[in-house]
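Everything below concerns the one structure shown next.
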Amino acid sequence: MQSVRIAGVGSTAFGVYSGRTGRDLFAEAARVAIADSGVPRTDIDRLCYGNFVGTVAERQGHQGPLMAEAAGMTGPATRYESACASGGVALRSGVEAVRAGTADVVLVGGMERMNNLSTDRATAGLAMAADDLYERRAGVTFPGAYALMARAYLDEFGGSREDLAAVAVKNHDHALDNDYAQFQQEITVTDVIDAPTVADPLGLYDACPLTDGASAVVLVSERYAERHNVSAPIAIAGSGQGTDTLALQDRSSFVRTPATERAASDAYADADITPDAVDLLEVHDCFTIAEVLALEGLGLYDTGTALTAAAEGETTADGELPVNLSGGLKAKGHPVGATGVSQVVELSKLLRGDHVNSDAVDDASVAVAHNAGGTVASAVVHVLEVTQ
């Protein structure tokens with residue numbers, strides 16, 4: 001089985017691009033990643049591409065070949081859809097292709113463009129990741145669904161609104177110097193608590209924004225890197241994917257995420273590590289409670305104990321376990337199909353030492369990316385390791 005290396009990474013800045021098309025955004029991210037890799041476009045064997053609402057937001061299906069053309073490549077191209085985990089699933093497919101030896105070079109990417117839609121239409125588009133029969137028709141949106149999860153957590157384990165707010169404050173702090181982040185602005189716990197309520201107990205600053213953007217990585221086999229003298233010091237050493245019921249009502253608990261637990265267990269076993277080996281993470285914090293549930297699902301905290309991690313400084317840049325040094329979905333932004341790939345872009349730069357926040361983790365060697373879809377009905381986990 002071939003070892004999978006990350007040869008190059010690229011991303012647009014995340015934000016609002018109402019005047020640009022999705023293909024334009026992806027072309028930029030792919031161009032940067034390919035240039036960073038030093039790999040000729042003609043050597044790319046295939047494209048694995050993540051996108052969720054392009055058929056709604058841009059009235060454009062069949063995006064695989066469209067984005068291959070935008071990237072300037074001619075190999076097979078496939079679009080992957082798994083709601084907000086679309087990018088992570090695309091990445092996992094690319095990893096599997098390299099490991100199996102069916103491809104030596106894979107371009108993996110993702111893109112989403114939503115700010116050309118009204119907030120109501122974008123919310124309705126994202127709600128397609130929920131159960132249409134039992135959730136959408138009853139008026140459930142994702143802010144409401146995550147609010148149910150947050151209320152269940154606070155009811156069962158205690159904790160305060162301030163603890164949740166600290167997650168948002170931390171991630172905004174991490175994004176302050178990240179030029180790729182949608183929000184480079186400091187906020188306080190008071191700001192979060194005083195913001196308009198979206199769905200009790202979550203407010204406006206507990207939620208990630210609507211974001212446009214694209215990200216890409218170039219994966220190569222160890223064999224290819226050696227033969228072509230390609231610098232690829234980061235390996236994807238572990239990959240795992242998990243699934244849960246689509247509707248919240250069918251779950252035995254609102255305070256656990258079995259899809260994350262399964263994905264993490266498989267990824268750790270694949271990389272032959274335990275959670276104790278992890279130095280830093282990018283996790284799917286679409287809402288503040290989502291980061292808490294992710295840390296517990298990943299086995300880094302016992303159930304019911306991660307709520308205070310940000311407030312106590314454990315997951316800050318100078319804490320024992322830095323989480324979302326990019327700013328996370330909360331501050332960097334969440335262009336749905338690109339998010340899972342973007343997490344690996346950020347972690348690769350952090351581990352390589354060329355990220356604005358690399359000084360916070362200058363001795364790190366193991367990182368984890370966690371990408372989730374819906375109310376974590378889908379989850380993908382990847383383990384990155386420094387190899388040289």
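Numbers here simply count residues along the sequence, with the first being 1.
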SB check Arg23 Glu69 (cutoff 4.0 Å):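 Salt bridge flag = no for Glu69 with Arg23.
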Using a strict cut-off of less than 4.0 Å between a Lys/Arg side-chain nitrogen and an Asp/Glu carboxylate oxygen, indicate whether Glu296 and Arg256 qualify as a salt bridge.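 The answer is no: the pair does not qualify as a salt bridge.
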Any residue meeting salt bridge (charged side-chain N to carboxylate O under 4.0 Å, His left out) with Arg251, in chain and number order, not counting sequence neighbours: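 With sequence neighbours excluded, Arg251 shows a salt bridge (charged side-chain N to carboxylate O under 4.0 Å, His left out) to Asp244, given in chain and number order.
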Looking at residues at least two apart in the chain, or sitting in another chain, which of them share a ring pair (Phe, Tyr, Trp, His ring centres under 6.0 Å) with Phe26?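 Phe26: ring pair (Phe, Tyr, Trp, His ring centres under 6.0 Å) contacts with Tyr49.
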For Tyr180, enumerate each residue passing the ring pair (Phe, Tyr, Trp, His ring centres under 6.0 Å) test, keeping only those at least two apart in sequence or located in another chain.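 Ring pair (Phe, Tyr, Trp, His ring centres under 6.0 Å) check on Tyr180 returns nothing, list empty.
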Kindly write out the residues that satisfy side-chain contact (heavy atoms from CB on, under 4.5 Å) with Asp132, not counting sequence neighbours, or none if the list is empty.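 Arg136, Arg137.
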Just to verify, what does Ala195 make a side-chain contact (heavy atoms from CB on, under 4.5 Å) with, not counting sequence neighbours?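 So Ala195 forms a side-chain contact (heavy atoms from CB on, under 4.5 Å) with Leu204, Tyr205.
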Quick one: pull up OG in Ser358 and CG in Leu325 and give me the separation to the nearest 0.5 Å.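 Rounded to the nearest 0.5 Å, the OG-CG separation comes to 8.5 Å.
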Nearest-0.5 Å distance that lies between atom CD in Glu96 and atom CZ in Arg99: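 So the CD of Glu96 and the CZ of Arg99 are separated by 8.0 Å.
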Testing Leu350, Val344, Asp279 for side chain to side chain contact (heavy atoms under 4.5 Å, CB included) with Leu384, which one passes?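 In the set Leu350, Val344, Asp279, the residue that makes a side chain to side chain contact (heavy atoms under 4.5 Å, CB included) with Leu384 is Val344.
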Among Leu148, Leu164, Thr197, whose side chain to side chain contact (heavy atoms under 4.5 Å, CB included) with Leu202 holds?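 With Leu202 as partner, side chain to side chain contact (heavy atoms under 4.5 Å, CB included) holds for just one option, Leu164.
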Beyond-backbone contact of Val368 with Val283, side-chain heavy atoms, under 4.5 angstrom: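 No; the side chains remain at least 4.5 Å from each other.
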Does some side-chain heavy atom of Asn116 sit less than 4.5 Å from a side-chain heavy atom of Tyr17?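 No - every pair of side-chain heavy atoms lies 4.5 Å or more apart.
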Test salt bridge (charged side-chain N to carboxylate O under 4.0 Å, His left out) applied to Lys170 and Glu312, Glu314, Glu291, Glu186, the passing residue: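 Going through the options one by one, the only one that passes is Glu291.
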Pairs involving residues 267-305, ordered by first then second residue, that meet ring-ring contact (aromatic ring centres under 6.0 Å, His included) (sequence neighbours left out):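 Qualifying pairs, neighbours excluded: Tyr146-Phe287, His284-His334.
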